[in-house]
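Let me begin by presenting the structure, written as structure tokens, before commenting on it.
In this chain, residues are counted from 1 in sequence order.
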Amino acid sequence: MQKDNRQAPFVNIGSSLLLVIFLVLCLVTFATLSLSSARSDYSFSSRGASRRTEYYQASNIAEDVLAQVDAILYKAEERAVSAADSSRDWQNELDFTQIEGTEFTEIGLEILFDAEDSSLSFQVPVNEKQALEVRLALTWESTDGYYQIEQWQLVNTAARETSQILQLLPMPEAE
């Protein structure tokens with residue numbers, strides 16, 4: 001009597017099939033994770049790009065305002081020199097409402113001039129929640145220019161929403 005030591009062929013097919021199914025599931029899982037990661041990276045980078053674009057557009061508008069401020073100060077200085085007026089009265093008569101442009105009227109640009117402090121400030125909206133705030137200190141006797149930039153900063157303009165207060169530590173009751 002001879003014993004048949006052969007195994008059934010379906011056992012070998014079953015183990016290799018399970019291995020292939022496991023590998024396919026692993027590949028599908030890793031593909032899903034990489035797709036999810038790529039999608040979130042794309043979303044993050046596109047939001048960052050739009051924020052940078054908004055900031056640079058506001059910065060360009062602020063630079064345009066500075067160019068017009070330069071022109072106004074140059075004309076005022078030329079008038080003072082031609083009139084041989086060495087007093088500072090011409091500095092108090094500066095009119096920054098001359099600044100014009102369609103982009104300035106669209107954003108509602110308001111320039112605040114303080115003659116006592118010799119400062120000029122304005123805000124350029126970046127988006128609904130932020131604005132680019134620019135403050136200039138006018139320097140009359142300087143040879144480097146007509147002003148120094150004291151502030152060029154993004155500020156939040158939207159009201160901060162207060163949420164529910166979390167009590168992290170139990171507070172003892174006052175007796």
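- I149 is connected to Y146 through a chain of hydrophobic side-chain contacts under 4.5 Å among Ile, Leu, Val, Met, Phe, Trp and Tyr, so both are in one cluster.
- Qualifying side chain to side chain contact (heavy atoms under 4.5 Å, CB included) partners for Y56, counting only residues two or more places apart in sequence or in other chains: R52.
- Shown here are the side chain to side chain donor-acceptor pair (under 3.5 Å) partners of Y55, two or more places apart in sequence or in another chain: W152.
- Considering only heavy atoms from C-beta on, V134 stays 4.5 Å or farther from V124 through its side chain.
- At a threshold of 4.5 Å between side-chain heavy atoms, the hydrophobic network of Ile, Leu, Val, Met, Phe, Trp and Tyr places V20 and V28 in one connected group.
- Separating the OG atom in S118 from the CZ atom in F113 is a distance of 6.0 Å, to the nearest 0.5 Å.
- Applying the side-chain hydrogen bond (donor to acceptor under 3.5 Å, both in side chains) test to pairs two or more places apart or on separate chains, those with a residue in residues 122-131 are E54-N127, Q123-E133.
- Pairs passing the side-chain hydrogen bond (donor to acceptor under 3.5 Å, both in side chains) check and including a residue from residues 31-43, sequence neighbours excluded, read S43-R47.
- Two residues are said to be in side-chain contact when any heavy atoms from C-beta on lie closer than 4.5 Å; L120 and I111 meet this criterion.
- In this structure, the side chains of L132 and V155 stay at 4.5 Å or more apart for every pair of heavy atoms.
- For A58 against P125, the heavy-atom pair with the smallest separation is CB-O, 3.9 Å.
- By the side chain to side chain contact (heavy atoms under 4.5 Å, CB included) test, I21 is found to be paired with L17, L25, residues two or more places apart in sequence or in another chain being considered.
- Note that OH of Y147 is 4.0 Å distant from CG of D70, once rounded to the nearest 0.5 Å.
- V69 and L112 are not part of a single hydrophobic cluster, where members link through side-chain heavy atoms under 4.5 Å apart.
- Taken from OG in S119 to CG in L138, the straight-line distance is 7.0 Å, to the nearest 0.5 Å.
- Atom CD of residue Q68 and atom CG of residue L66 lie 10.0 Å apart, to the nearest 0.5 angstrom.
- The hydrophobic cluster containing L23 also includes L19, under a criterion of side-chain heavy atoms closer than 4.5 Å among ILVMFWY residues, counted directly or through chains of members.
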